[in-house]
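Notes follow the structure.
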Amino acid sequence: MANAALLLDNVAETAAIAASSQVLTMPASNLRTPHPSQRWRSLSSADYFVADKGAGIAADTVLICGLTCGANAQLRLRLSSIDATGVAGDILDTGPIGSGTVPAFDVAYGALLWLLPTTATWRFTRLDISDLDAAFVEAGCLVEGVRESLAYNFASGDTIQHVDRSRVSPTSSGMTLTWDDNTFRRLGLSFNAVTTDQRFGLFERLDRVKGRKRNVLLITDPDSSNLTRDSIYGLVTDQTPIAFNNAFAVDGKPLFGKQLRIDERI
């Protein structure tokens, strides 16, 4: 298990996005919205989109969430520094991948999360989606950026839960009525040893710039066999204080503590 990693800045949030087809009320520009449920929808069962950031920008992580693929769907992610169509894939070409065949894609969680081993620079991001069992394909948010691994991992005993927003009400006859609603994941982690550099860097920026109003991506285990299951893209729900620990790292600098609570964005 690798230490958890955070991605704060989405360098694709202002990218120009074009698709091979789109429903007028669900355009490709929806991939820039913060809610994965605000999707781009195609007009056929095999389509693609291309995002152009306008210039090459360094990153090592790509997340596409809000996918509504079926079990037989296939994706192909390509990153290019030179080709406006994205076909060249000179930075990355995953080839066709199905759900569960690689750690990066699981239809149950509606997302593709690809982690590059090192930082690379590209301008164009292309995703091809094929789902022959469906009349159309969809995708929600596109996220690209540089992740930062925590120097020390979160503590044991921390929690993740599924929160069901459905309403449940008992009746006078003893029956139970339910009104179905959506479900999201909630994460609570405690980092009991945060280095001075990350306290004044990563976590200072998290609290000062992102706050409770901008999405962040947390990868609990970059070595996971199912990255989409073990990662959350959402909002910090509680800006917890930074604790001053009575401890020092091997470099002689003080260590700090920080709790992190994130609700998945839907």
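Side chains included, hydrogens not; waters and symmetry mates left out as well; all remaining heavy atoms used. All of these numbers come straight from a predicted model, not from anything done at the bench.
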Value rounded to 0.5 Å, distance of [atom1] in [X] from [atom2] in [Y]:
| X | Y | atom1 | atom2 | result |
| --- | --- | --- | --- | --- |
| Thr118 | Leu115 | OG1 | CG | 12.0 Å |
| Leu31 | Arg39 | CG | CZ | 11.0 Å |
| Leu189 | Gln259 | CG | CD | 10.0 Å |
| Asn153 | Asn192 | CG | CG | 11.0 Å |
| Ser37 | Ile266 | OG | CD1 | 6.5 Å |
| Ser81 | Leu92 | OG | CG | 12.0 Å |

Show me, pair by pair, the donor-acceptor contacts under 3.5 angstrom made by side chains of residues 135-143, not counting sequence neighbours?
{"from": "Glu138", "atom 1": "OE1", "to": "Thr68", "atom 2": "OG1", "distance (Å)": "2.9"}
{"from": "Glu138", "atom 1": "OE2", "to": "Arg41", "atom 2": "NE", "distance (Å)": "2.6"}
{"from": "Glu138", "atom 1": "OE2", "to": "Arg41", "atom 2": "NH2", "distance (Å)": "2.7"}

Would you name the heavy atoms of [X] and [Y] that are closest together and state the gap between them?
| X | Y | value |
| --- | --- | --- |
| Pro96 | Gln74 | CB-OE1, 3.8 Å |
| Trp114 | Ile97 | CZ3-CD1, 4.3 Å |
| Leu227 | Ala104 | CD1-CA, 4.4 Å |
| Pro222 | Ala5 | CG-CB, 4.2 Å |

Are [X] and [Y] close enough that some pair of their side-chain heavy atoms sits under 4.5 Å apart?
| X | Y | value |
| --- | --- | --- |
| Ile232 | Ile160 | yes |
| Leu150 | Phe203 | yes |
| Leu187 | Thr220 | yes |
| Ile17 | Ser29 | no |
| Lys253 | Asp197 | yes |
| Thr171 | Leu177 | yes |
| Thr228 | Leu112 | no |
| Glu148 | Leu6 | no |

Using a 3.5 Å distance criterion without hydrogens, assess whether the side chain of [X] forms a donor-acceptor pair with backbone atoms of [Y].
| X | Y | value |
| --- | --- | --- |
| Ser130 | Ala46 | no |
| Asn10 | Glu144 | yes |
| Gln22 | Ala28 | yes |
| Asp106 | Ser99 | no |
| Ser21 | Leu43 | yes |
| Thr196 | Pro254 | yes |
| Gln198 | Ser149 | yes |
| Asn3 | Ala151 | yes |

Say whether [X] and [Y], considering side chains only, have a donor N or O and an acceptor N or O under 3.5 Å apart.
| X | Y | value |
| --- | --- | --- |
| Ser45 | Asp131 | no |
| Asn30 | Thr33 | no |
| Ser166 | Asp164 | yes |

Would you call Arg78-Asp83 a salt bridge at under 4.0 Å N-O? no
State plainly whether the residues Arg147 and Asp60 are in salt-bridge range, i.e. N to O under 4.0 Å. yes
Atom CE of Met175 with >12 non-hydrogen neighbours under 6.0 angstrom: no
Carefully, step by step, assess Asp207 and Ile242 under the rule side chain to side chain contact (heavy atoms under 4.5 Å, CB included). CA-CA 10 Å; Asp207 287 346; Ile242 292 174; 4.2 Å; yes
Which residues share a salt bridge (charged side-chain N to carboxylate O under 4.0 Å, His left out) with Asp93, sequence neighbours left out: Arg76
For Asp223, check salt bridge (charged side-chain N to carboxylate O under 4.0 Å, His left out) against everything at least two apart and list the hits. none
Taking Leu7 as the starting point, is it possible to reach Phe105 by hopping between hydrophobic residues whose side chains are less than 4.5 Å apart? no
What residues form a ring pair (Phe, Tyr, Trp, His ring centres under 6.0 Å) with Phe244, not counting sequence neighbours? Phe256
Apply ring pair (Phe, Tyr, Trp, His ring centres under 6.0 Å) to Trp122 and list each qualifying residue two or more places apart in sequence or on a separate chain. none
Donor-acceptor pairs under 3.5 angstrom involving side-chain atoms of residues 210-218: please list them, not counting sequence neighbours.
{"from": "Lys210", "atom 1": "NZ", "to": "Leu8", "atom 2": "O", "distance (Å)": "2.9"}
{"from": "Arg212", "atom 1": "NE", "to": "Thr237", "atom 2": "O", "distance (Å)": "3.2"}
{"from": "Asn215", "atom 1": "OD1", "to": "Arg265", "atom 2": "NH1", "distance (Å)": "2.6"}
{"from": "Asn215", "atom 1": "ND2", "to": "Pro34", "atom 2": "O", "distance (Å)": "2.8"}
{"from": "Asn215", "atom 1": "ND2", "to": "Tyr233", "atom 2": "OH", "distance (Å)": "3.4"}

Given Arg32 and Glu13, is the side chain to side chain contact (heavy atoms under 4.5 Å, CB included) satisfied, shown in steps? CA-CA 5 Å; Arg32 296 196 301 261; Glu13 64 184 3; 5.7 Å; no
